[in-house]
Amino acid sequence: MSTAALPTDKPVRVLSFSQKLSRWDLKISPYLYISPFFIMFAVVGLFPIAYTAVISFMDWDLVRNNGTFIGFDQYIWILQQPHFWTALRNTFSIFLLSTVPQLVLAIFIAAVLDRNIRAKTFWRMGVLLPFVVAPVAVGLIFNVVFADNFGLINGILGDLGLPGIQWHKEPFWSHVAIATMVNYRWTGYNTLILLAAMQAVNRDYYEAATVDGAGPIRQFFSITLPSLRPTLIFVIITATIGGLQIFDEPRVFDQFGRGGAGQQWLTITLYLYDIGWGQWNFGRAAAMAWILFIIIVLIGLINLLITRSLVRDEGRRGAVVSRRQRRKEVAR
């Protein structure tokens, strides 16, 4: 009876230095590649935000570069100012007049450009041209269009026998003029983002919907719009941030940049700029910046909830495809 050979222990594999270095490279290199962004954000983004929060609780002395802690007094002072509530009302008015038409128009233009039209590249580049125009140039152009006495629009209204509009005196019309400037610059930018999302939609869904007898409008609301939910959330949130931080357009709407003689188009950022660099009170300006930050976060969350509820998931598209599959099985 032969005895089986006892199993020998497997030799321990010793990794060389280059192999260890290669393993560490696979583990660490991805973090090294993305670290410059986070380092830069911490230096120029996160630190100023935290520093602003500290200053907002102080009576800051700009000469000595230090301050005295006073708690929430800066916030209370801002909330007691009538100009703040006027600026808040004007900001929301301009925001609604610009963001809602802008997004609706961007979706419509993107849907048209997603069709098989001639010179698609030309039209797609054309909608982006207003975005590259400097805000000051946009202000100069639209100041000619919306001039009270000799403006282009008032000239057309005069030729039609209608009274002119006081763009720089009446609050509502000044908001319409500024919102038009915003829509001119940003509609094309949002259009290209939505167009990219539309082109990523699987074309089989549209073929299935066509077989089921769905027209272009039904396909848009049942397939295209649900597919745009992540992109719409991004576009709406970014439009909310930009709309509530609007500064360039109201700043260049007249030669003074103070929001009008009667604060007709005074926005929160214009008021913040005046407190910080006009009154040289950086503690109050920092407090107002944080109030604006809180408002933007709240409005962004509300927009997120509304967008999720209005734009449904992709279940409807799946239902269209499943119906097509069932018809194929029945035909077999």
Side-chain angles (χ1 to χ4, degrees), residues 92 95-128 130-131 179 182-245 295-332:
F92 274 98
F95 164 69
L96 293 176
L97 289 172
S98 61
T99 304
V100 176
Q102 176 189 143
L103 295 178
V104 173
L105 187 60
I107 294 174
F108 173 76
I109 297 175
V112 173
L113 293 177
D114 192 38
R115 295 286 178 177
N116 188 17
I117 60 176
R118 294 182 179 180
K120 292 187 291 185
T121 304
F122 170 78
W123 295 113
R124 292 172 183 177
M125 294 300 298
V127 297
L128 192 62
F131 177 70
V182 177
N183 292 334
Y184 170 79
R185 287 193 61 212
W186 291 97
T187 300
Y189 173 81
N190 291 324
T191 297
L192 290 187
I193 294 178
L194 294 171
L195 176 61
M198 289 181 183
Q199 291 183 330
V201 180
N202 193 341
R203 298 299 163 176
D204 293 339
Y205 297 142
Y206 296 101
E207 295 178 2
T210 303
V211 172
D212 289 341
I217 298 178
R218 179 64 183 275
Q219 292 179 17
F220 175 78
F221 284 101
S222 299
I223 299 176
T224 305
L225 202 58
S227 302
L228 296 179
R229 187 179 73 168
T231 308
L232 277 176
I233 293 174
F234 169 77
V235 170
I236 290 174
I237 291 178
T238 53
T240 300
I241 296 173
L244 296 179
Q245 290 181 342
I295 293 173
I296 291 175
V297 171
L298 293 177
I299 299 301
L301 292 176
I302 293 173
N303 284 337
L304 179 61
L305 295 176
I306 294 176
T307 305
R308 283 185 172 180
S309 61
L310 292 180
V311 183
R312 299 177 183 177
D313 56 9
E314 300 181 0
R316 300 179 67 179
R317 297 185 310 168
V320 173
V321 177
S322 63
R323 287 199 301 268
R324 186 183 182 187
Q325 293 176 350
R326 287 198 300 268
R327 289 187 177 183
K328 288 183 177 179
E329 292 176 358
V330 172
R332 291 176 182 175

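The residues of the chain are indexed from 1 along the displayed sequence.
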Answer yes or no: does atom CZ of Phe234 have more than 12 heavy-atom neighbours from other residues, nucleotides or ligands under 6.0 Å?
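Counting neighbours around CZ of Phe234, 12 or fewer heavy atoms of other residues, nucleotides or ligands fall under 6.0 Å, so no.
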Under 6.0 Å from the CG atom of Leu298, do we count more than 12 heavy atoms belonging to anything else shown?
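Yes, CG of Leu298 has more than 12 neighbouring heavy atoms, counting only those of other groups under 6.0 Å.
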Quick check: closest heavy atoms across [X] and [Y], and the distance to 0.1 Å?
X	Y	value
Tyr206	Asn202	CD1-O, 3.9 Å
Ala209	Gln219	CB-CG, 3.8 Å
Val201	Tyr205	CG1-CD1, 4.1 Å
Phe95	Thr240	CE1-CA, 3.6 Å
Ala197	Thr231	CB-OG1, 3.2 Å
Thr187	Asn183	OG1-O, 2.5 Å

Decide yes or no on side chain to side chain contact (heavy atoms under 4.5 Å, CB included) for Thr210 and Glu207, but give the supporting numbers first.
CA-CA 5 Å; Thr210 303; Glu207 295 178 2; 5.6 Å; no
How would you list, by chain and number, every residue that makes a side-chain contact (heavy atoms from CB on, under 4.5 Å) with Val297, sequence neighbours excluded?
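Once residues adjacent in sequence are excluded, the partners of Val297 under the side-chain contact (heavy atoms from CB on, under 4.5 Å) criterion are Phe293, Leu301.
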Would you give the length of the straight line joining atom [atom1] of [X] to atom [atom2] of [Y], rounded to the nearest 0.5 angstrom?
X	Y	atom1	atom2	answer
Ile233	Thr238	CD1	OG1	11.5 Å
Arg218	Thr224	CZ	OG1	12.5 Å
Ile223	Leu228	CD1	CG	11.5 Å
Leu103	Thr191	CG	OG1	9.5 Å
Leu96	Phe92	CG	CZ	8.0 Å
Leu244	Thr99	CG	OG1	7.5 Å

Parallel, tilted or perpendicular: which one describes the rings of Trp186 and Phe131, with boundaries at 30° and 60°?
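Geometry flag for Phe131 against Trp186: perpendicular rings.
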Between Asp212 (side chain only) and Ala214 (backbone N and O only), is there a donor and an acceptor less than 3.5 Å apart?
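Absent.
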Summary of salt bridge (Lys or Arg N to Asp or Glu O under 4.0 Å) pairs that have at least one residue in residues 183-203, sequence neighbours excluded:
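Matches after skipping sequence neighbours: Asp114-Arg203, Arg185-Glu249.
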Among Leu225, Asn190, Ile237, which residue meets the side-chain contact (heavy atoms from CB on, under 4.5 Å) test with Leu232?
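Exactly one option meets the side-chain contact (heavy atoms from CB on, under 4.5 Å) with Leu232, and it is Leu225.
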Given side chain to side chain contact (heavy atoms under 4.5 Å, CB included), test Val182 with Leu97 step by step and report yes or no.
CA-CA 9 Å; Val182 177; Leu97 289 172; over 6 Å; no
